[in-house]
Amino acid sequence: MSSSYEAIYAVVRRIPAGRVSSYGQVALLAGYPGQARLVGYALHMLQGRIDVPWWRVLNRLGVISNAYEPELQRTLLEREGVLVNEQLQVDLKQFRWEV
DNA sequence: CATATGACCAAAC
DNA sequence: GGTTTGGCCATAT
């Protein structure tokens, strides 16, 4: 297991329920500025594990980028009170996780 | 081993 | 200002 993933997962676990973050923000907080891609890959590797709240991570436009289970992600977010529109987009001004 | 691709983003043009 | 271009790192082939 690549060590960098643990730092990324640790940050994702810090995202409060009902809030969302972006790949870039997670990368920055994990100590990998500008390496949003690494975050995407790390979450990709989870393949649906629920010990990390991967569904709270969206791309910088607030859109669900998940290629595997986009509908599941929407369901999980809405269960926490996060509104997701028909285009799988969230209002970042309202739900973005402020550190 | 070299190339390609990906749940991305900031800067450059 | 929208669009293109690099760059970053881990897997896959």
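Computed from a predicted model, the values in this text were never measured in an experiment. Naming convention: chains lettered A, B, ... in sequence-line order (proteins, then strands); numbering from 1 in each chain.
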Q: Is there a donor on the side chain of Y68(A) or the base of dA7(B) sitting less than 3.5 Å from an acceptor on the other?
A: no
Q: Give the table of side-chain donor-acceptor pairs shorter than 3.5 Å for residues 90-99 of chain A, with sequence neighbours excluded, one pair per line with atom names and distance.
A:
| residue | atom | partner | partner atom | Å |
| --- | --- | --- | --- | --- |
| D91(A) | OD1 | K93(A) | N | 3.1 |
| R96(A) | NH1 | Q25(A) | OE1 | 3.1 |

Q: Let me know the distance between CD of Q25(A) and P of dC8(B), rounded to the nearest Å.
A: 16 Å
Q: What are the atom names and distances for every N/O pair under 3.5 Å that joins the protein to nucleotides 4-7 of chain C?
A:
| residue | atom | partner | partner atom | Å |
| --- | --- | --- | --- | --- |
| dG7(C) | O6 | R37(A) | NH1 | 3.0 |

Q: Would you say the side chain of Q73(A) lies within less than 4.5 Å of the side chain of W54(A), judging by non-hydrogen atoms?
A: yes
Q: Show your working on side chain to side chain contact (heavy atoms under 4.5 Å, CB included) between V20(A) and I15(A) and close with a plain yes or no.
A: CA-CA 7 Å; V20(A) 300; I15(A) 304 174; 6.0 Å; no
Q: Could you give the side-chain donor-acceptor pairs of residues 75-88 of chain A under 3.5 Å, partners two or more places apart or in another chain?
A:
| residue | atom | partner | partner atom | Å |
| --- | --- | --- | --- | --- |
| T75(A) | OG1 | E71(A) | O | 3.0 |
| E80(A) | OE1 | G18(A) | N | 3.2 |
| E80(A) | OE1 | R56(A) | NE | 3.1 |
| E80(A) | OE2 | W55(A) | NE1 | 3.1 |
| E80(A) | OE2 | R56(A) | NE | 3.2 |
| E80(A) | OE2 | R56(A) | NH2 | 2.7 |
| N85(A) | OD1 | Q87(A) | N | 2.8 |
| N85(A) | OD1 | L88(A) | N | 3.3 |
| N85(A) | OD1 | Q89(A) | N | 3.0 |

Q: With sequence neighbours left out, what residues match A42(A) under side chain to side chain contact (heavy atoms under 4.5 Å, CB included)?
A: Y5(A), I8(A), Y9(A)
Q: Just how far, in rounded Å, is C1' of dC9(C) from CD1 of I8(A)?
A: 9 Å
Q: How close or far is atom P of dG6(B) from atom OH of Y23(A), stated in whole angstroms?
A: 14 Å
Q: How close or far is atom P of dC8(C) from atom CD of Q35(A), stated in whole angstroms?
A: 8 Å
Q: For DNA chain B, which residues of residues 57-66 of chain A approach it to below 4.0 angstrom with any heavy atom?
A: N59(A), R60(A), S65(A), N66(A)
Q: Considering all heavy atoms of both residues, which atom of G62(A) and which atom of L58(A) are nearest to each other, and what is their separation?
A: O-CD1, 3.6 Å
Q: I need the NE2-C1' distance between H44(A) and dC9(C), as an integer number of Å.
A: 15 Å
Q: Using links of under 4.5 Å between side-chain heavy atoms of ILVMFWY residues, direct or through other members, which residues join L61(A) in one cluster?
A: V63(A)
Q: Taking CG from L43(A) and C1' from dC9(C), how many angstroms apart are they, rounded to a whole number?
A: 14 Å
Q: Distance check needed: dA7(B) P versus L72(A) CG, whole Å only.
A: 16 Å
Q: Test of understanding: with side chain to side chain donor-acceptor pair (under 3.5 Å), list the residues that count as partners of S22(A), not counting sequence neighbours.
A: none
Q: Does Y41(A) put a side-chain nitrogen or oxygen below 4.0 Å from OP1 or OP2 of dA12(C)?
A: no
Q: With sequence neighbours left out, which residue pairs that include part of residues 59-84 of chain A fulfil the ring pair (Phe, Tyr, Trp, His ring centres under 6.0 Å) condition?
A: H44(A)-Y68(A)
Q: Roughly how far apart, to the nearest Å, are dT3(C) and dA7(B) at atom C1'?
A: 23 Å
Q: Could you check how far CG of L46(A) sits from P of dT11(C), rounded to whole Å?
A: 12 Å
